[in-house]
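Accompanying notes for the structure given below.
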Amino acid sequence: MFRLWAKEWKDNRMVRDTTICDDSADTRTHKIFGALEKACYEFDLGKPIWLDSTINEFKRHAKARFYQDSFVETIDFDYLEIQIIEE
């Protein structure tokens, strides 16, 4: 089972979080993008842009942070963090 944990952080505190589970036969990349889309829908956010620094961080740690520069609209938190917790 694939599980992705999405968290919103503001002032070094977690504001809200969700866990997205995916049992489909999709590729890992499709599961990540699908889970991120579901988390953003749940948080009522636009989908963030994957910057080069975000991609590199995700490749190294299976964790990524999306700051204001990754979003088109203004966000009311410091960053959105995603982390793969089970594959």
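We use all heavy atoms of the structure for the numbers below, so side chains are in, but hydrogens, waters and symmetry mates are not.
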Tell me, do Ile75 and Tyr67 make a side-chain contact under 4.5 Å, heavy atoms counted? no

Could you pull out the closest heavy-atom pair between Lys7 and Asp17, with the gap in Å? CG-CB, 3.8 Å

Check for a donor-acceptor pair, side chain of Arg16 on one end and backbone N or O of Phe43 on the other, with a separation under 3.5 Å. yes

Is the ring pair Trp9/Tyr79 parallel, tilted or perpendicular, if the boundaries are 30 and 60 degrees? parallel

The single option from Leu36, Asp26, Ile20 passing side chain to side chain contact (heavy atoms under 4.5 Å, CB included) against Lys31: Asp26

Flag if over 12 foreign heavy atoms under 6.0 Å of CH2, Trp50: yes

Taking all heavy atoms of Lys10 and all of Asp76, pick out the closest pair and write down the distance. NZ-O, 3.2 Å

Any chain of hydrophobic side-chain contacts (each under 4.5 Å) joining Leu80 to Trp5? no

Sidechain-backbone polar pair: Asp23 side chain, Met1 backbone, donor-acceptor under 3.5 Å: no

Does Glu73 use its side chain to pair, donor to acceptor, with the backbone of Gly46 at less than 3.5 Å? yes

Count the heavy atoms of every other residue, nucleotide or ligand shown that sit under 6.0 Å from CG of Asp69, and state whether that count exceeds 12. yes

Beyond-backbone contact of Phe77 with Leu45, side-chain heavy atoms, under 4.5 angstrom: yes

Check for a donor-acceptor pair, side chain of Asp11 on one end and backbone N or O of Arg13 on the other, with a separation under 3.5 Å. no

Could you tell me whether the side chain of Glu81 and the main chain of Lys63 form a donor-acceptor pair under 3.5 Å? no

Looking at every heavy atom in both Ile84 and Arg28, which two are closest together, and how far apart are they? CD1-NH2, 3.2 Å

Any chain of hydrophobic side-chain contacts (each under 4.5 Å) joining Phe71 to Ile82? yes

